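What follows is a single structure, written as structure tokens, with notes after it.
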Amino acid sequence: MYRKLKNDELGRMSREAFRDAEKSPIALVLDNVRSQHNIGSAFRTGDAFRIARLCLCGISSTPPTPEIHKAALGAEFSVEWEHFDTALEAVEKLRSEGWTIVSVEQAEGAVQLQDFRPEAGRRYALVFGNEVRGVAQEVVDASDICLEIPQFGTKHSFNVSVSIGIVLWQIIVNRI
């Protein structure tokens, strides 16, 4: 028999403990993500995987907004974030800090997600694109790696917040 755990039984860390805790060597870059709910979801998923930071780029909204908060459930207060005018600007800054740039996009020569093996000791900046246009070509061009999530149905893409969860899970599991 299974009993659902209560929130106080989950052993979650406080916001203060989260800020001081070691982070996964992963940054998320959102390239012109329109939906504030998707942005809030990125914060919440980023918190769950204890990412190092979130870069909001272009038209991507920034906290505080009711819509981001509704999906983030407060993760916008725990995950470090900053805004850039363009995703290319964010990518250039991250690269100068030693991050490996990974665009999650359907592209010629892309590595299938299940075949990607992150290298120990490397930091990865994962770029996720606009809900309609994806990652800008100039950002794909500036990437070290392109990852593609395999799909088997009739649609051509996942929702960006779903893609973030899939990719983070796969990378975290492969780092263990």
Side-chain angles (χ1 to χ4, degrees), residues 1-84 87 90 93-94 97-104 113-114 116-131 147 149-151 153 155 157-176:
M1 187 59 107
Y2 296 99
R3 177 185 66 81
K4 285 178 53 174
L5 296 175
K6 297 176 184 173
N7 283 346
D8 62 357
E9 296 176 301
L10 295 175
R12 300 292 190 233
M13 64 178 59
S14 68
R15 193 176 299 156
E16 295 75 26
F18 181 92
R19 286 188 185 143
D20 295 336
E22 184 177 348
K23 305 295 187 290
S24 298
I26 297 171
L28 297 180
V29 178
L30 302 187
D31 180 9
N32 288 305
V33 171
R34 297 178 305 179
S35 165
Q36 292 185 46
H37 290 223
N38 284 337
I39 294 166
S41 181
F43 272 104
R44 190 167 165 188
T45 303
D47 177 283
F49 288 107
R50 211 183 307 159
I51 65 166
R53 69 209 233 204
L54 177 59
C55 300
L56 303 168
C57 306
I59 66 167
S60 300
S61 293
T62 61
T65 74
E67 292 82 8
I68 289 175
H69 182 71
K70 182 176 182 179
L73 294 177
E76 71 274 30
F77 302 115
S78 57
V79 174
E80 181 183 321
W81 65 271
E82 60 186 308
H83 184 269
F84 294 87
K93 179 179 182 193
L94 290 163
E97 296 172 359
W99 293 80
T100 299
I101 309 303
V102 180
S103 282
V104 180
L113 180 59
Q114 71 273 15
F116 178 62
R117 297 294 175 260
E119 294 180 32
R122 288 189 98 167
R123 297 183 301 167
Y124 293 93
L126 306 174
V127 183
F128 294 87
N130 176 273
E131 292 88 343
L147 285 183
I149 304 169
Q151 298 174 55
K155 296 299 160 195
S157 66
F158 290 104
N159 177 282
V160 65
S161 66
V162 172
S163 295
I164 290 168
I166 291 169
V167 173
L168 282 176
W169 173 254
Q170 183 68 19
I171 288 176
I172 295 295
V173 165
N174 280 323
R175 282 184 134 344
I176 296 173

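Remember, it's a predicted structure, so these values are computed and weren't measured experimentally. Side-chain atoms are counted along with the backbone in the values below, which use heavy atoms only and exclude waters and symmetry mates.
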Query - Spacing of Leu28 atom CG and Ile164 atom CD1 [to the nearest 0.5 Å] - result: 5.5 Å
Report summary line: Correct closest heavy-atom pair for Ile26 and Ile51 would be O-CB, 3.3 Å
Query raised in the report: To the nearest 0.5 Å, how far apart are CG in Leu168 and CZ in Arg50?
Result: 13.5 Å
Report task. Test salt bridge (Lys or Arg N to Asp or Glu O under 4.0 Å) on Glu9 and Arg3 and set out the steps. Result -> CA-CA 12 Å; Glu9 296 176 301; Arg3 177 185 66 81; 3.0 Å; yes
Query raised in the report: When rounded to the nearest 0.5 angstrom, what distance separates CG in Asn38 from OG in Ser61?
Result: 11.0 Å
Query raised in the report: Within a strict 4.5 Å, meaning less than it, do heavy atoms of the Thr45 and Ser161 side chains meet?
Result: no
Report task. Would you give the length of the straight line joining atom CD of Glu76 to atom CG of Leu56, rounded to the nearest 0.5 angstrom? Result -> 11.0 Å
Report summary line: Here the gap from Phe84 atom CZ to Leu30 atom CG, rounded to the nearest 0.5 Å, amounts to 12.0 Å
Report task. Kindly determine whether Val102 and Val127 satisfy side chain to side chain contact (heavy atoms under 4.5 Å, CB included), including the steps that lead there. Result -> CA-CA 6 Å; Val102 180; Val127 183; over 6 Å; no
Query raised in the report: Is Lys23 positioned over the aromatic face of Phe49, cation under 6.0 angstrom from the ring centre and no more than 45 degrees off axis?
Result: no
Requested in this report: Can you spot which of Leu126, Leu94, Ile101 makes a side chain to side chain contact (heavy atoms under 4.5 Å, CB included) with Val29?
Outcome: Leu94
Query - From Cys55 atom SG to Asp31 atom CG, the distance as rounded to the nearest 0.5 Å - result: 11.5 Å
Report task. Using the side chain to side chain contact (heavy atoms under 4.5 Å, CB included) rule, take Ser103 and Leu147 through it: C-alpha gap first, then chi angles, then the decisive distance, then the call. Result -> CA-CA 6 Å; Ser103 282; Leu147 285 183; over 6 Å; no
Report task. Evaluate the side-chain proximity of Arg19 to Met13: yes if any heavy-atom separation is below 4.5 Å, no if none is. Result -> no
**Report entry** Pair Glu131-Asn159, side chain to side chain donor-acceptor pair (under 3.5 Å): steps then yes or no
**Finding:** CA-CA 7 Å; Glu131 292 88 343; Asn159 177 282; over 6 Å; no
Query raised in the report: Looking only at heavy atoms, what is the nearest atom pair of Asn32 and Gly58, with distance?
Result: OD1-CA, 3.2 Å
Report task. For Val33 and Asn130, run side chain to side chain contact (heavy atoms under 4.5 Å, CB included): C-alpha distance rounded to whole Å, both residues' side-chain angles, the deciding distance at 0.1 Å, then the answer. Result -> CA-CA 5 Å; Val33 171; Asn130 176 273; 5.9 Å; no
Query raised in the report: Does Gln151 reach the main-chain N or O of Ser157 with its side chain, forming a donor-acceptor pair under 3.5 Å?
Result: yes
Query raised in the report: Counting only heavy atoms not in Arg12, do more than 12 sit closer than 6.0 Å to its CZ atom?
Result: no
Query - Candidate pair Arg15 and Ser78, rule side chain to side chain donor-acceptor pair (under 3.5 Å), full reasoning - result: CA-CA 6 Å; Arg15 193 176 299 156; Ser78 57; 5.6 Å; no
Query raised in the report: Does the side chain of His69 come within less than 4.5 Å of Gln36's, by heavy atoms?
Result: no
**Report entry** Arg122 and Thr100 side chains, donor-acceptor separation under 3.5 Å
**Finding:** yes
Query - Cationic N near anionic O, under 4.0 Å, Glu97 to Arg53 - result: yes
Query - Where Ala27 and Trp99 come nearest, the two heavy atoms and their spacing - result: N-CZ3, 3.4 Å
Report task. Identify the heavy atoms of Ala90 and Cys57 that sit nearest to each other, and give their distance. Result -> CB-SG, 3.7 Å
Query raised in the report: How about Phe128 and Phe158: are their ring centres within less than 6.0 Å of each other?
Result: no
Query raised in the report: Gln170 side chain to Val167 main-chain N or O, any donor-acceptor pair under 3.5 Å?
Result: no
Query raised in the report: Can you tell if the side chain of Tyr124 reaches within under 4.5 Å of the side chain of Pro118, non-hydrogen atoms only?
Result: yes
